[in-house]
Amino acid sequence: YERTEGHRKRRHQWLTHIADAQARLLVIELGAGTTVVSVRHFSHLMARDYAARLVRINPREADVDQPTDLAIAMPAAAALASIDRILTAK
């Protein structure tokens, strides 16, 4: 319980700081299929409560609900490598 409560408090402090700074939040979900409900639930809460954008990377279950979010139907390592190549291309 103490460990979970510590995580919850630190997450709340961080999210409060993000909101106070009016920073834009991006959630990158790696491999969380529909059977990992807690991860997807957290992503949706961040989108709803903090206007976060979502990038969902999953080879079989990448669907997103919002048109402002991005679904990438690839394994996580391959998707991240592709993103890195695009961002570092000259």
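Just so it is clear, the values below take in all heavy atoms, side chains as well, and ignore hydrogens, waters and symmetry mates.
- Grouping the Ile, Leu, Val, Met, Phe, Trp and Tyr side chains by contacts below 4.5 angstrom, directly or via other members, places L87 with I28.
- Considering CG of L80 and CG of L30, their distance stands at 5.5 Å, rounded to 0.5 Å.
- Under 3.5 Å, the side chains of R85 and S82 contain a donor-acceptor pair of N or O atoms.
- Note that CG of L15 and OH of Y50 are 4.0 Å apart. Values are rounded to the nearest 0.5 Å.
- Across all non-hydrogen atoms, the minimal contact from V27 to S43 is CG1-OG, 3.6 Å.
- Annotation for R56 and E61: closest pair CD-O, 3.6 Å, computed over non-hydrogen atoms.
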Exercise for review: Test H44 against D65 for side-chain contact (heavy atoms from CB on, under 4.5 Å), laying out the working first.
Suggested key: CA-CA 9 Å; H44 288 286; D65 298 330; 3.2 Å; yes

Exercise for review: Might you work through the side-chain contact (heavy atoms from CB on, under 4.5 Å) test for R40 and T34, ending with a clear yes or no?
Suggested key: CA-CA 8 Å; R40 288 196 171 209; T34 55; 3.8 Å; yes

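- Hydrophobic clustering places I18 together with M46 (ILVMFWY residues linked when any side-chain heavy atoms are closer than 4.5 Å, directly or through intermediates).
- Under a 3.5 Å cut-off, the side chain of R53 and the backbone N or O of L25 do not form any donor-acceptor pair.
- Sorted by first and then second residue, the pairs that involve residues 2-25 and meet salt bridge (charged side-chain N to carboxylate O under 4.0 Å, His left out), not counting sequence neighbours, are E5-R8.
- Among residues two or more places apart in sequence or in another chain, the side chain to side chain contact (heavy atoms under 4.5 Å, CB included) test is passed with L45 by H41, R48, D49.
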Point to revise | Worked check of side-chain contact (heavy atoms from CB on, under 4.5 Å) between N58 and E29 | key: CA-CA 8 Å; N58 187 296; E29 220 182 67; over 6 Å; no

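- Through side-chain heavy atoms spaced under 4.5 Å, either directly or across other Ile, Leu, Val, Met, Phe, Trp or Tyr residues, V37 is tied to no other residue.
- When every heavy atom of A79 is checked against every heavy atom of I57, the shortest pair comes out as CB-CG2, 3.5 Å.
- D69 and A52 get closest at one heavy-atom pair: OD1-O, 4.5 Å.
- For H17, the NE2 atom is loosely surrounded, since the number of other residues' heavy atoms within 6.0 Å does not exceed 12.
- The hydrophobic cluster containing W14 also contains F42, counting ILVMFWY residues as joined when their side-chain heavy atoms lie under 4.5 angstrom apart, directly or transitively.
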**Study point:** Evaluation steps, side-chain contact (heavy atoms from CB on, under 4.5 Å), between L70 and V64
**Key:** CA-CA 7 Å; L70 177 63; V64 294; over 6 Å; no

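- Shown here for I72 and A62, the closest heavy-atom pair between the two residues is O-CB, 3.6 Å.
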